**Q** 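Following this message is one structure expressed as structure tokens.
So you know, we letter chains A, B, ... as the sequences are listed, proteins then strands, and number each from 1. A quick note: this is a predicted structure, and the numbers were derived from the prediction, not measured.
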There are 2 protein chains.
Amino acid sequence: MAVTLKDVATAAGVSRSTASRALSGSGLISEETRAAVENAARGLGYRPNRTASALRSRQTHLIGLVMNNLINASFHTIADVVQRRASAEGYQVLLCITDADPAKERSVLRMLSEHNVDGVVVIGTGRNSDLVDELMGAGTGAVNVIRGTEGGRAPSVLASDREGAHAATRRLLELGHTRIGFVGGLASANSGRERFAGYEQALREHGLETDPALVERGPFTPAFGAEGTRALLDRRPDVTALFAANHEAVFGVLPTLVSRGIRLPDDLSLICYEDISWLRSWQPPVTVVDNGADELGRLCFDLLLRQMRESPGPGPGPGRVYRVGADLVERSSCAPPRTSPLPAPPPPPAGGTRG
Amino acid sequence: MAVTLKDVATAAGVSRSTASRALSGSGLISEETRAAVENAARGLGYRPNRTASALRSRQTHLIGLVMNNLINASFHTIADVVQRRASAEGYQVLLCITDADPAKERSVLRMLSEHNVDGVVVIGTGRNSDLVDELMGAGTGAVNVIRGTEGGRAPSVLASDREGAHAATRRLLELGHTRIGFVGGLASANSGRERFAGYEQALREHGLETDPALVERGPFTPAFGAEGTRALLDRRPDVTALFAANHEAVFGVLPTLVSRGIRLPDDLSLICYEDISWLRSWQPPVTVVDNGADELGRLCFDLLLRQMRESPGPGPGPGRVYRVGADLVERSSCAPPRTSPLPAPPPPPAGGTRG
DNA sequence: AAGATGTATGCAACCGATCCCATTACCGTG
DNA sequence: CACGGTAATGGGATCGGTTGCATACATCTT
């Protein structure tokens, strides 16, 4: 039904091989035959069959993008960047969502191998390095992002969670804050652990000890952000600055501050992790740590592309680790500590009346 | 290098055809040969080569997902749902981002055709129905979501923007509001047009005329949401309710209300379009119109699956249009109109001091 | 002028699974 | 016993490009 290379060859009066070489640009072809073939192809509306091409040439121009979910902002930023870079280089992206379920991850990696992808980007998963190594053994490229594998052959592109948290905390200390609250993720997550470590390190370097009463750690949810903030403010009303260590929590932290009538930066200073777009349009614009999600995406695809272009694959040694820096983006949510107490906690939910 | 069907066949002592039938489950196979082949396959770690299978059987088990961007919440919700449903049915998703650029769209659709995808989901684009029709002519399935094509053969799954906006506005009217502000998208976007129409219709049905001073329309950005809200509040301080007609604007609307010390629902009632997760954890939780993004995703994939399972494709008539309802999700941001004026506009940015 | 390079092209195998068709084996039945 | 029918399997073409090798002819070398 569809126009095949054979049709083009016939129309141009050459053999299939010649037509193939003319269109792929490889091999020796006279300028006139090339033109003839190209005209014939255009005239017939020829579309190369990539499946057939992939079968023979062992290049599918497909890459797999394996991630826990599409909701997390860093994840879909990376997905976005990888997709754009890939398509600019003639690769298509197979989107795979695993819900952080190791069994799904394994089945997805098997699937990708059956589809003969040329490369794999694995976001935020330090697991299954055995399957990834197996893929690499078969000549497939692979890169880990956000989380690396221990001892796997694939290179890793990691964020600088500890450094970012350290910079944020130090900035607050420099402004004169000494009672800095931490609202962030559990130690069970790598990023939660690292960011807390950065926070503690900055305090230590400033001669302060971590005060457990100033620390709220819990799941990566807005609900926890709200709850944790409330608890922290109630327990330590003398807190003068807050470090919100992940953007999911921020969705809970900010509304809670608002509902208590706490104004930034006069009543409280706030720094958030990850540069979510709406933190820019917040009143006032919120100072954030940009974890470099764009750069993570760019770098990891470039590493993958390099692997895919080199013939066989890298040596058997463990994959190199690359770091992408985190930047403190100063906006207007930080100031020196306030001198008077925080506004009173909110009045009990009164029905529709106002003072 | 890799284990092929031939190896499995040899190991099991049968021919390639028999091995193929045994593994694919089609055709007549004795129970014992099937078991023998399956054991051989397992033993050798056989992975079917989907590229080869696709070439011969003309089924790639790939579907294309074409969308403007990954950032828009409805879009990535739909992408998420489609990906999950697809992978549950053994299909993989090729992610294509077009930035709403018609030229990119066309090149993406051509690319998908070259990759021989079994189906295509086109989100939020009413264009290029010619290329989509061409795909369908070649036996590929296709579905439009959010926006349909005029006269194209692919079915469309549309949201109920007008009805949703109508329901929201009516709810505010029922509470007794008569000065209801509209902050939303330009008429150049379909959703902007439809939602505004629903707003106007509800007012009309209530015997009210649209007051241009209460309407702010602009780009789908937080910046416009903030700016529009400020302008509207300044122009009409007697406004008692606000309908924020898209979630991008909401990111600007809410902070602006907060910065003016306007409390929900006592000072102002607010309804937002699209059920973004953090509107649930806002203080107070915000009443929203859920445009049914999940259901849009589910339905459009089911329609696609049906097409892909039916042999050739639908008749030549124009594609059917399906509607997914919009639900008003009542939370706590709405109340009867206030009786006293709004709090005064914010003080000029004073440097660090507070009353 | 004969041999050595080099350029342009065709032939045919090939990638790995699928599937039409032929073949064989085995059953029941008139 | 011959014959029709069905179940199970093998043979080999096929999907549509790609690619190694052979071939043909032109150009260059000494």
Side-chain angles (χ1 to χ4, degrees), chain A residues 1-38 40-41 44-62 90 111 113-118 138-139 311, chain B residues 1-38 40-41 44-62 90 111 113-118 138-139 311:
Chain A
M1 206 67 210
V3 180
T4 74
L5 190 60
K6 192 174 169 184
D7 303 322
V8 174
T10 308
V14 298
S15 71
R16 275 157 49 231
S17 0
T18 305
S20 170
R21 280 185 284 252
L23 293 175
S24 71
S26 71
L28 300 167
I29 288 289
S30 76
E31 199 41 58
E32 34 184 336
T33 26
R34 150 169 300 136
V37 171
E38 274 173 1
L44 295 171
Y46 170 68
R47 303 253 178 95
N49 182 326
R50 299 207 181 224
T51 307
S53 166
L55 176 60
R56 178 65 231 243
S57 69
R58 303 185 166 285
Q59 282 214 40
T60 53
H61 289 274
L62 254 31
M111 173 85 68
S113 133
E114 295 180 2
H115 272 288
N116 303 301
V117 292
D118 293 344
S311 310
Chain B
M1 204 67 207
V3 179
T4 75
L5 191 59
K6 190 175 169 181
D7 303 323
V8 175
T10 307
V14 297
S15 71
R16 274 153 51 235
S17 345
T18 304
S20 171
R21 279 185 288 253
L23 292 176
S24 72
S26 71
L28 299 167
I29 288 289
S30 76
E31 199 42 59
E32 35 185 336
T33 22
R34 149 168 302 134
V37 171
E38 275 173 2
L44 295 171
Y46 170 67
R47 303 251 179 96
N49 182 326
R50 299 205 182 225
T51 306
S53 167
L55 176 59
R56 179 65 233 242
S57 69
R58 304 185 164 285
Q59 282 214 39
T60 53
H61 290 275
L62 254 32
M111 174 86 69
S113 132
E114 295 180 3
H115 272 288
N116 303 300
V117 292
D118 293 344
S311 311

**Q** Which residues satisfy the side-chain contact (heavy atoms from CB on, under 4.5 Å) test with A:N49, sequence neighbours excluded?
**A**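 Testing A:N49 for side-chain contact (heavy atoms from CB on, under 4.5 Å), a comparison that skips the adjacent residues, returns A:T51, A:A52, B:L55, B:N116.
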**Q** Please identify each residue that fulfils salt bridge (charged side-chain N to carboxylate O under 4.0 Å, His left out) with A:R34, with sequence neighbours left out.
**A**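 Scan of A:R34 (salt bridge (charged side-chain N to carboxylate O under 4.0 Å, His left out), adjacent residues dropped) gives A:E31.
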**Q** When the distance from CG of B:N116 to C1' of D:dC15 is rounded to whole Å, what number comes out?
**A** 10 Å
**Q** For B:S17, give me all partners under side-chain contact (heavy atoms from CB on, under 4.5 Å), at least two apart in sequence or on another chain.
**A**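 Only B:S15, B:R21 meet the side-chain contact (heavy atoms from CB on, under 4.5 Å) criterion with B:S17.
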**Q** Provide the closest heavy-atom pair for A:T60 versus A:H115 in the form atom of the first, atom of the second, distance.
**A**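 Reported closest heavy-atom pair: CG2-O, 3.7 Å.
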**Q** Restricting to pairs with a member in residues 47-57 of chain A, which pass salt bridge (Lys or Arg N to Asp or Glu O under 4.0 Å), not counting sequence neighbours?
**A**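 Sorted result for residues 47-57 of chain A: A:R47-B:E134, A:R50-B:E114.
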**Q** Considering only nitrogen or oxygen atoms on both sides, find all protein atoms under 3.5 Å from nucleotides 4-8 of chain D and state each distance.
**A**
none

**Q** Who pairs with A:S20 by side-chain contact (heavy atoms from CB on, under 4.5 Å), at least two apart in sequence or on another chain?
**A** A:L5
**Q** When rounded to the nearest 0.5 angstrom, what distance separates CG in B:L28 from OG1 in B:T18?
**A**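 Rounded to the nearest 0.5 Å, the CG-OG1 separation comes out at 11.0 Å.
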**Q** Taking CD from A:E114 and P from C:dG16, how many angstroms apart are they, rounded to a whole number?
**A** 15 Å
**Q** Can you name the side-chain contact (heavy atoms from CB on, under 4.5 Å) partners of A:A36, sequence neighbours left out?
**A**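 Partners of A:A36 under the side-chain contact (heavy atoms from CB on, under 4.5 Å) test: none.
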**Q** Can you sort out the partners of B:T10 under side-chain hydrogen bond (donor to acceptor under 3.5 Å, both in side chains), two or more places apart, ordered by chain and number?
**A**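 Partners of B:T10 under the side-chain hydrogen bond (donor to acceptor under 3.5 Å, both in side chains) test: none.
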**Q** May I ask you to evaluate whether A:R58 reaches the phosphate of C:dG16, defined as a side-chain N or O under 4.0 Å from OP1 or OP2?
**A** yes
**Q** Starting at CG of A:L55 and ending at P of D:dT14, how long is that distance when rounded to a whole Å?
**A** 17 Å
**Q** Enumerate the protein-to-nucleotides 24-26 of chain C contacts in which both atoms are nitrogen or oxygen and the separation is below 3.5 Å.
**A**
none

**Q** Atom CZ of A:R50 to atom C1' of D:dG17: distance rounded to whole Å?
**A**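 In whole Å, D:dG17 C1' lies 13 Å from A:R50 CZ.
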**Q** Within the pair A:S20 and D:dG17, is there a side-chain N or O less than 4.0 Å away from OP1 or OP2?
**A**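 Answer no for this pair, as no side-chain N or O of A:S20 is under 4.0 Å from OP1 or OP2.
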**Q** Does D:dG16 have OP1 or OP2 under 4.0 Å away from a side-chain N or O of A:Y46?
**A**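 Checking D:dG16 against A:Y46, no side-chain N or O comes under 4.0 Å of OP1 or OP2.
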**Q** Among residues 9-18 of chain A, which ones have heavy-atom contacts with DNA chain D below 4.0 Å?
**A**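 Within residues 9-18 of chain A, the residues near DNA chain D are A:R16, A:S17.
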**Q** If you compare all heavy atoms of A:V14 against all heavy atoms of A:A19, which two are closest, and at what distance to 0.1 Å?
**A**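 That would be CG2-N, 4.0 Å.
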**Q** Nearest heavy-atom pair of A:A40 and A:V8: which atoms, and what distance?
**A**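 Smallest interatomic distance, heavy atoms only, reads CB-O, 3.9 Å.
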**Q** A:S53 side chain N/O closer than 4.0 Å to the phosphate oxygens (OP1, OP2) of D:dT18?
**A**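 Yes.
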**Q** Once you round it to whole Å, what is the distance between C1' of D:dG12 and NZ of B:K6?
**A**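 After rounding, the reported distance stands at 13 Å.
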**Q** Counting side-chain heavy atoms from CB outward, which of D:dT19, C:dT18, C:dC21 is closest to B:R21?
**A**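 The nucleotide sitting nearest to the side chain is C:dC21.
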**Q** Would you kindly give the CG-to-P distance between B:N49 and C:dC15, to the nearest whole Å?
**A** 12 Å
**Q** Return the value, rounded to whole Å, for the distance between atom CG of B:L5 and atom C1' of D:dT14.
**A**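 Distance, rounded to whole Å: 15 Å.
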**Q** Could you tell me which residues satisfy salt bridge (charged side-chain N to carboxylate O under 4.0 Å, His left out) with A:E32, sequence neighbours excluded, listed by chain and number?
**A** none
**Q** For the residue pair A:L23 and A:Y46, what are the closest heavy atoms and their distance?
**A**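 So the minimum-distance heavy-atom pair works out to CD1-CE2, 3.6 Å.
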**Q** Between A:E32 (CD) and D:dA26 (P), how many Å, whole number?
**A**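 Rounding to the nearest Å, CD of A:E32 and P of D:dA26 are 13 Å apart.
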**Q** Could you tell me, to 10°, how much the axis swings from one end of the helix from C:dA1-D:dT30 to C:dG30-D:dC1 to the other, five pairs per end?
**A**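 About 50° separates the two local helix axes.
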**Q** Identify the two heavy atoms, one from A:L44 and one from A:A11, that lie closest to each other, and give their separation to 0.1 Å.
**A**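 Minimum heavy-atom contact is CD1-CB, 3.9 Å.
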